[in-house]
Novice: 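This structure is in structure tokens; I'll ask about it shortly.
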Amino acid sequence: MEERYNPEQIEAKWQRYWDENSAFRVDEDPGRKKYYLLEMFPYPSGNIHIGHVRNYTIGDVLARYKTMQGFNVLHPMGWDAFGMPAENAAIANNTHPAKWTYANIDTMGRQLKRLGLSYDWEREIATCRPEYYRWEQWLFLKMLEKGMAYRKESYVNWCEDCQTVLANEQVEAGMCWRCGRQVVQKKLWQWFFRITDFAEDLLVYCDQLPGWPEKVTSMQKNWIGKSFGAEIRFRVENSDEIIAVFTTRQDTIFGATFMCLAPEHPMVPKLAEGTAQESAVADFIDKMSHQDRSGKAVDQYEKEGVFTGGYCINPLNGRRMPVYTANFALMGYGTGAVMSVPAHDQRDFDFAKKYGLEIVVVIQPEGEQLDPKTMEAAYTDDGVLVNSGPFDGTPNRQALEDIAAHLETGGIGKKTVSYRLRDWGISRQRYWGAPIPVIHCPDCGIVPVPEKDLPIVLPEDAMLLEGGRSPLSELPRFKKTVCPICGRNDARRETDTMDTFVESSWYFERYCSPRCDTGMFDPAAVSYWMPVDQYIGGVEHAILHLLYSRYFTRVLREIGLVSFKEPFDRLLTQGMVTKESVTCPTHGYLFPTESEKSEGGHRCLKCGAEVTVGRMEKMSKSKKNVVDPNELMAQYGADTTRLFCLFAAPPERDLEWSETGVEGGFRFLNRVWRLAGDWMEVIGSAAPYEGSPDSLTGDIRDLNKKVHQTIHKVTGDIGDRYRFNTAISAVMELVNSMYGIDPRSGASEVAGVCRFAMETVLLLLAPFVPHFSEELWEALGKPAGIYRQPWPVYREDALEKDELLIVVQVNGKLRSRFSIGTDADDATIKKTALSDERVIPFIEGKPVKKVIVVKKKLVNIVV
RNA sequence: GCGAGAGUGGCGGAAUUGGUAGACGCACUGGACUUAGGAUCCAGCUCUGGCGACAGAGUGGGAGUUCAAGUCUCCCCUCUCGCACCA
């Protein structure tokens with residue numbers, strides 16, 4: 001073996017070896033237990049970043065570990081290749097999204113291979129290829145047939161910059177999730193998936209995902225947003241029209257003094273028609289359509305509204321309630337109509353104060369007398385009903401039930417539940433996506449593309465129009481088509497494409513049979529591999545991607561293609577990678593090289609001002625705190641890069657990047673390398689010691705035990721707990737104790753135990769630093785392929801301690817400790833403790849009240 | 001406001017079931033080897049007092065349960081993340 005550890009050379013060598021031997025190729029094998037390990041596939045943005053490195057390294061450790069444990073491990077990789085960044089890049093560089101995407105796939109594929117990840121590259125997929133999205137189009141047709149996909153005209157979130165519709169999930173705080181521009185409302189015909197049909201099922205099963213972080217399931221539950229209440233019908237005065245409201249507080253209905261409708265509510269213009277309010281209402285509606293009415297900006301908007309000119313009647317007390325349209329009423333929740341109870345709802349209270357509307361108290365708290373004239377805020381807690389006719393005196397919790405029942409018998413309303421979840425709008429007025437396979441015929445209307453005509457291929461030679469608009473609607477050879485039903489030749493092909501979240505909602509099933517050309521996947525392959533045993537990715541996908549994937553699995557089940565309900569058995573959400581940022585008061589974020597440490601702190605090299613160092617922030621180009629994995633791998637190699645990502649923090653926590661920490665990892669590998677070199681002469685030809693520890697003595701006996709204990713510890717840390725940081729530190733400890741051993745000394749078993757220790761270190765390190773382990777494994781004279789070696793097994797009898805270390809406490813305080821033979825009984829231990837010379841001064845002259853002996857561990861003397 | 005998580009040395013983090021707080025690593029300090037060391041090896045490293053053996057304090061703060069609490073219970077503080085005019 002080489003004297004010096006040269007990662008560049010050995011990493012290239014073993015990557016070539018794995019590649020040439022298709023080392024990680026797998027097939028279905030009913031005789032072996034399968035394990036499907038999946039990391040969230042990347043968007044081919046151009047370069048891998050450190051977050052990818054962390055994500056894929058965590059997955060690779062588990063994949064390699066499971067392989068060594070004897071599982072048939074499916075570990076695939078592919079590309080989430082459709083989407084807007086490709087279009088943006090195409091505009092910026094005057095190229096084509098396809099060209100840009102395929103070039104990036106090529107580059108990033110090489111970078112991932114440079115990390116030594118154990119993927120079955122023969123299963124690589126890219127969602128922008130017709131072979132892939134053709135089956136998505138096929139599924140769309142199935143969903144259309146089953147009524148799971150439908151078209152409706154509706155208000156949608158529209159981004160002026162991106163010239164496209166955004167799903168609710170893609171609106172963050174009222175802004176476009178990609179460009180940050182304020183979202184406006186626009187009415188368009190859109191395709192939807194009926195995800196709300198599964199709202200209850202998706203919610204219920206959140207509690208049956210024990211392998212998921214609670215954080216994620218609770219976010220999903222929150223997103224689905226189930227609330228219990230009642231739907232109540234209010235009659236419009238002098239009309240047959242009915243306005244239905246959804247409320248969770250039907251107990252306060254006698255206190256409802258007015259009503260608020262969302263500006264988009266269809267009743268608003270009807271009520272205003274012919275009244276003095278007509279133009280004021282029209283102005284308000286117009287104003288609201290330009291205003292951001294969700295998210296953060298909301299705090300800044302005062303509650304405002306306009307009287308519509310109409311009234312409705314409170315069905316329980318006949319009160320004449322003015323109907324307003326108000327900015328805080330949302331068309332997207334409940335029925336878009338709110339029965340306003342100012343005394344018991346803060347929003348309604350504010351609104352009533354502003355517009356001088358009446359406040360009627362209907363719930364009195366115990367021992368207090370609320371007076372509408374002096375109230376400064378709504379009273380939202382429990383109490384007893386007043387001013388509520390027959391319900392006076394009822395506790396409000398009880399009244400919730402009673403009033404709901406009363407409404408139901410009177411045919412005025414019913415108990416109901418409302419979900420926050422909306423149907424999934426999937427239409428995108430974008431080019432770089434999977435075309436929606438339908439045809440618009442002037443005679444036949446919406447016509448599904450016949451299955452035999454799939455795929456509808458996205459023309460890859462069309463260039464984007466100015467502003468990034470989709471060329472599809474202006475490309476006659478795509479748009480113009482013949483109606484498959486009536487044969488009219490002026491039918492129009494749908495030019496919207498699908499949301500990219502559609503592709504990522506089933507890719508994990510495609511991996512099971514990625515080249516299947518008879519369906520979305522081969523059912524036998526899917527039934528062997530699915531569900532995914534372990535899924536790993538960023539928490540940023542906690543709602544969107546994971547909820548859609550769960551939904552799609554239900555769709556596939558409904559259609560009869562799969563028999564399971566949940567796609568991902570266990571989920572690990574890894575933390576992000578952070579690094580300290582440097583900020584200058586005038587120049588903003590600085591690269592590390594743009595500031596200098598000097599007396600009195602760090603200074604900006606541009607202006608000399610004192611800079612702020614040390615805030616840990618997510619790595620990003622704009623914060624100038626990124627670490628380039630390519631540079632790291634060039635400097636230290638893939639193994640060190642992997643090692644640090646695993647060692648610095650447990651997977652689910654944020655990882656603080658530290659340059660000196662990386663060097664520490666590199667130092668450790670060098671330390672093992674040197675030790676192997678030192679020992680090689682002695683252990684190179686020795687047989688590993690496999691016997692019982694009983695025939696060993698002294699240091700070498702201790703070492704042998706330490707090796708077994710380390711196997712035990714590392715196996716538990718990787719397999720049960722996913723604590724790679726402590727697994728690595730256990731191996732470091734073992735290596736440290738190996739440094740204290742002279743393999744050339746003493747007993748005849750020394751060489752064998754040392755050989756065993758070294759082999760074990762390499763096997764335990766194999767999932768973490770695979771190239772390094774392969775190289776030294778080979779240097780030990782072993783055949784290449786440590787990745788397929790069985791995982792080491794510990795001997796139970798070697799885990800037992802030779803001596804017990806007993807801790808002695810007096811009144812719970814540590815006072816002494818002593819070693820004693822393992823056969824010592826509690827009485828002996830107690831006696832030894834009581835006569836311990838360091839214990840005596842603390843118990844002398846005091847009566848011993850009680851002595852607690854914890855088996856083989858501790859004595860506590862209470863005086 | 002609602003939901004989730006976190007708070008331990010100078011730093012990242014250990015402590016798996018209530019039982020030795022600070023494993024492992026980084027930084028720092030000292031020593032060895034060396035022409036030299038930013039290489040390597042050995043040692044030290046929570047705080048306070050003491051030359052020292054030792055003693056006292058100590059896991060965000062406060063109470064409690066217990067022979068024993070970083071760990072369990074209650075209250076409070078701080079931070080991070082998610083959702084939020086949700087009727």
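Nothing here was measured: the structure is a model prediction, and the numbers come from that model. Reckoned from all heavy atoms, side chains included, excluding hydrogens, waters and symmetry mates. Each chain gets a letter, A, B and so on, in the order the sequences are listed, and its residues count up from 1.
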Novice: Counting only Watson-Crick pairs (N1-N3 plus N6-O4 or O6-N4) and G-U wobbles (N1-O2, O6-N3), all under 3.5 Å, who is the partner of B:U40?
Specialist: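 B:U40 is paired, partner B:A32.
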Novice: Both distances under 3.5 Å, Watson-Crick or G-U wobble: report the partner of B:U46, or none.
Specialist: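 Pairing partner: B:A57.
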Novice: Which part of the nucleic acid, if any, lies within reach of A:K713 when heavy atoms closer than 4.0 Å are counted: base, sugar-phosphate only, or nothing?
Specialist: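 A:K713: base contact, heavy atoms under 4.0 Å.
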Novice: State, yes or no, whether a side-chain contact exists between A:L858 and A:I806 at a heavy-atom distance under 4.5 Å.
Specialist: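 Not touching, per the 4.5 Å side-chain cut-off.
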Novice: If anything within 90° of 0 is syn and all else is anti, what is B:G30?
Specialist: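 Anti for B:G30; the angle lies over 90° from 0.
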Novice: Taking the minimum atom-to-atom distance to the side chain of A:K857, which one of B:C85, B:G82, B:G19 wins?
Specialist: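 From the listed options, B:G19 comes nearest.
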Novice: Heavy atoms only, 4.0 Å cut-off, all strands: where does A:F351 land among base, sugar-phosphate and nothing?
Specialist: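 Nothing: the residue A:F351, judged by heavy atoms under 4.0 Å, touches no strand.
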Novice: Is A:E733 salt-bridged to A:K706, cutoff N-O under 4.0 Å?
Specialist: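 The answer is yes: the pair qualifies as a salt bridge.
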Novice: Whether A:D836 and A:R815 form a salt bridge (side-chain N of Lys/Arg under 4.0 Å from carboxylate O of Asp/Glu) is what I want to check.
Specialist: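 No, no charged N to carboxylate O under 4.0 Å.
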Novice: Say you pick atom P in B:C76 and the same atom in B:U16; how far apart are they, in whole Å?
Specialist: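 Nearest-Å result for B:C76 against B:U16 at atom P: 29 Å.
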Novice: In whole angstrom, what separates A:K849's NZ from B:A68's P?
Specialist: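 A:K849 atom NZ is separated from B:A68 atom P by 10 Å.
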Novice: Looking only at atom C1', what distance separates B:C81 and B:A69, rounded to whole Å?
Specialist: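 Each nucleotide's C1' atom is 29 Å from the other's.
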Novice: Kindly point out which of B:C42, B:A87, B:U16 is positioned nearest to the side chain of A:Y739?
Specialist: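 Between B:C42, B:A87, B:U16, the one nearest the side chain of A:Y739 would be B:C42.
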Novice: Output the rounded distance in Å from CZ (A:F724) to C1' (B:A23).
Specialist: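 These atoms are roughly 19 Å apart.
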Novice: Can you label the angle between the A:F351 ring and the A:F258 ring as parallel, tilted or perpendicular, going by 30° and 60°?
Specialist: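 The rings of A:F351 and A:F258 lie parallel, inter-plane angle below 30°.
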Novice: What is the distance, to the nearest angstrom, from the CG atom on A:L858 to the P atom on B:A21?
Specialist: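 To the nearest whole Å, that distance equals 10 Å.
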Novice: Would you say the ring centroid of A:F668 lies under 6.0 angstrom from that of A:F647?
Specialist: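 A:F668 vs A:F647: aromatic centres not under 6.0 Å.
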Novice: Once you apply a heavy-atom cut-off of 4.0 Å, does A:R815 come out as touching a base, just sugar-phosphate, or nothing?
Specialist: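 A:R815: backbone/sugar contact only, no base atoms under 4.0 Å.
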Novice: How long is the line joining CG of A:D345 and C1' of B:G1, in whole Å?
Specialist: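 Nearest whole value for this atom pair: 12 Å.
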Novice: Side chain of A:I543: nearest nucleotide among B:C83, B:A27, B:A14?
Specialist: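 Nearest nucleotide to the side chain: B:C83.
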Novice: Look at all strands and tell whether A:K813 reaches a base, only sugar-phosphate, or nothing, counting heavy atoms closer than 4.0 Å.
Specialist: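 If one applies the 4.0 Å heavy-atom cut-off, A:K813 turns out to touch the sugar-phosphate alone, with no base involved.
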Novice: Taking the six-membered ring of A:W673 (Phe, Tyr or Trp), confirm whether the NZ or CZ of A:R4 is under 6.0 Å from its centre and within 45° of its axis.
Specialist: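 Relative to the ring axis of A:W673, which defines the angle, A:R4 lies outside at least one limit.
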Novice: Classify the nucleic acid contact of A:V862 as base, sugar-phosphate or nothing, counting any heavy atom under 4.0 Å across all strands shown.
Specialist: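 If one applies the 4.0 Å heavy-atom cut-off, A:V862 turns out to touch the sugar-phosphate alone, with no base involved.
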Novice: With a 4.5 Å heavy-atom cut-off, do A:P650 and A:Y722 have their side chains touching?
Specialist: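 Not in contact.
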Novice: Considering only atom P, compute the distance from B:U34 to B:C47 and round it to an integer number of Å.
Specialist: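 Roughly 34 Å separates the two P atoms.
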Novice: Using atom P in both nucleotides, what's the gap between B:U29 and B:G13 to the nearest angstrom?
Specialist: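 Taking atom P in both B:U29 and B:G13, they lie 24 Å apart.
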Novice: Under 4.0 Å between any heavy atoms, over every strand shown, what does A:P213 touch: base, sugar-phosphate, or nothing? Just pick one.
Specialist: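 Here A:P213 touches no strand at all.
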Novice: CZ of A:R249 versus P of B:C85: gap in Å, rounded?
Specialist: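 Result: 20 Å.
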Novice: In whole Å, measure the gap between the C1' atoms of B:G19 and B:C54 for me.
Specialist: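 It works out to 24 Å between them.
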Novice: Hey, are A:E3 and A:R674 close enough for a salt bridge, meaning a charged N less than 4.0 Å from a carboxylate O?
Specialist: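 Answer for the salt bridge query: no.
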Novice: Looking at side-chain heavy atoms only, is the closest gap between A:E663 and A:F644 below 4.5 Å?
Specialist: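 No, their side chains stay 4.5 Å or more apart.
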Novice: What side chain to side chain donor-acceptor pair (under 3.5 Å) pairs are there with at least one residue in residues 849-863 of chain A, not counting sequence neighbours?
Specialist: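 As it turns out, the side chain to side chain donor-acceptor pair (under 3.5 Å) pairs with a partner in residues 849-863 of chain A, which skip direct neighbours, are A:D826-A:K855.
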Novice: Among A:D382, A:D251, A:D381, exactly one meets salt bridge (charged side-chain N to carboxylate O under 4.0 Å, His left out) together with A:R397. Which residue is that?
Specialist: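 When salt bridge (charged side-chain N to carboxylate O under 4.0 Å, His left out) is applied between A:R397 and each of A:D382, A:D251, A:D381, only A:D382 qualifies.
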Novice: Touch check for A:E733, heavy atoms < 4.0 angstrom, all strands: base, sugar-phosphate only, or nothing?
Specialist: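 Answer is sugar-phosphate: A:E733 comes under 4.0 Å of backbone atoms only.
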Novice: Just to be sure I understand the geometry, which residues of residues 662-671 of chain A put a non-hydrogen atom under 4.0 Å away from RNA chain B?
Specialist: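 When residues 662-671 of chain A is checked for heavy atoms under 4.0 Å from RNA chain B, the hits, listed by number, are A:G664, A:R667, A:R671.
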Novice: Across all strands, who's sitting opposite B:U73 as a Watson-Crick or G-U wobble pair, both distances under 3.5 Å?
Specialist: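 Its partner is B:A63 (Watson-Crick or G-U wobble, both distances under 3.5 Å).
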Novice: State which of B:C85, B:A84, B:A23 makes the closest approach to the side chain of A:T726.
Specialist: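 Comparing B:C85, B:A84, B:A23 against the side chain of A:T726, the answer is B:A23.
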Novice: Quick check on RNA chain B: between A:A337 and A:E214, whose nearest nucleotide comes earlier from the 5' end?
Specialist: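 Here A:E214 is the residue nearer the 5' end.
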Novice: With C1' as the reference atom in both, quote the distance from B:G31 to B:C45 in angstrom, rounded to an integer.
Specialist: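 These two C1' atoms come out 15 Å apart once rounded.
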Novice: Measure from the side-chain heavy atoms of A:R817 and tell me the nearest of B:C81, B:U20, B:G82.
Specialist: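 Closest nucleotide to the A:R817 side chain: B:U20.
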Novice: Does B:U66 have OP1 or OP2 sitting under 4.0 Å from an N or O in the side chain of A:N860?
Specialist: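 No, because none of the side-chain N or O atoms of A:N860 sits under 4.0 Å from OP1 or OP2 of B:U66.
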Novice: What nucleic acid atoms does A:S658 come within less than 4.0 Å of, heavy atoms only: base, sugar-phosphate, or nothing?
Specialist: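 Answer is nothing: A:S658 stays at 4.0 Å or more from every strand.
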Novice: In terms of side-chain heavy atoms of A:T660, which of B:A27, B:A87, B:G3 is nearest?
Specialist: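 Of all the options, the side chain of A:T660 is nearest to B:A27.
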Novice: B:A87, B:G82, B:U16: which one has an atom nearest the side-chain heavy atoms of A:R721?
Specialist: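 Closest nucleotide to the A:R721 side chain: B:U16.
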Novice: Is A:R653 close enough to B:G12 that one of its side-chain N or O atoms is under 4.0 Å from OP1 or OP2 there?
Specialist: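 A:R653 to B:G12 OP1/OP2: no side-chain N or O under 4.0 Å.
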Novice: Please measure how far the P atom in B:U8 lies from the corresponding atom in B:C79, and state the result in whole Å.
Specialist: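 Taking atom P in both B:U8 and B:C79, they lie 14 Å apart.
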Novice: Using whole Å, report how far CZ of A:R674 lies from C1' of B:A39.
Specialist: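 Atom CZ in A:R674 sits about 8 Å away from atom C1' in B:A39.
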Novice: May I have the distance from A:M576 (atom CE) to B:G12 (atom P), rounded to whole angstrom?
Specialist: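 Between P of B:G12 and CE of A:M576: 15 Å.
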Novice: Write down the distance between CG (A:L421) and C1' (B:A84), rounded to a whole number of angstrom.
Specialist: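 In whole Å, B:A84 C1' and A:L421 CG are 16 Å from each other.
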Novice: Are A:N736 and A:R671 side-chain neighbours, meaning at least one heavy-atom pair lies under 4.5 Å?
Specialist: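 Heavy-atom side-chain distance check passes, below 4.5 Å.
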Novice: Taking only the side-chain nitrogens and oxygens of A:K850, find out if one of them lies under 4.0 Å from OP1 or OP2 of B:C67.
Specialist: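 A:K850 to B:C67 OP1/OP2: side-chain N or O found under 4.0 Å.
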Novice: Verify the contact: side-chain N or O of A:R420 to OP1 or OP2 of B:C83, cut-off strictly under 4.0 Å; return yes or no.
Specialist: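 No, because none of the side-chain N or O atoms of A:R420 sits under 4.0 Å from OP1 or OP2 of B:C83.
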Novice: Students often get this wrong, so: under 4.0 angstrom with heavy atoms, is A:N736 touching a base, only sugar-phosphate, or nothing?
Specialist: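 Sugar-phosphate, backbone atoms only, no base.
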Novice: Could you check which nucleotide pairs with B:A23 in any of the strands shown, counting Watson-Crick or G-U wobble with both distances under 3.5 Å?
Specialist: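 Its partner is none (no Watson-Crick or G-U wobble pair with both distances under 3.5 Å).
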Novice: Identify the nucleotide, in any strand shown, that forms a Watson-Crick or G-U wobble pair with B:A68, with both distances under 3.5 Å; if there is none, say none.
Specialist: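 Partner of B:A68: none.
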Novice: By nearest nucleotide on RNA chain B, pick out whichever of A:T247 and A:N725 is the more 5' one.
Specialist: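 The answer here is A:N725.
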Novice: Between B:G18 and B:A23, how far apart are the two P atoms, rounded to whole Å?
Specialist: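 Result for the P pair: 23 Å, nearest Å.
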Novice: Using a 4.0 Å heavy-atom cut-off, does A:L805 contact any base of the nucleic acid, only the sugar-phosphate backbone, or nothing at all?
Specialist: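 Base, at least one base heavy atom under 4.0 Å.
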Novice: Under 3.5 Å for both donor-acceptor distances, Watson-Crick or wobble: does B:G3 have a partner, and if so which one?
Specialist: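 The base-pairing partner of B:G3, which may sit in any strand shown, is B:C81.
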Novice: Please name the nucleotide paired to B:U16 by Watson-Crick or G-U wobble geometry with both distances under 3.5 Å, or report none.
Specialist: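 For B:U16, the partner nucleotide comes out as none, under the 3.5 Å rule.
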Novice: Please determine if a side-chain N or O atom of A:R347 lies less than 4.0 Å away from the OP1 or OP2 oxygen of B:C86.
Specialist: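 Yes.
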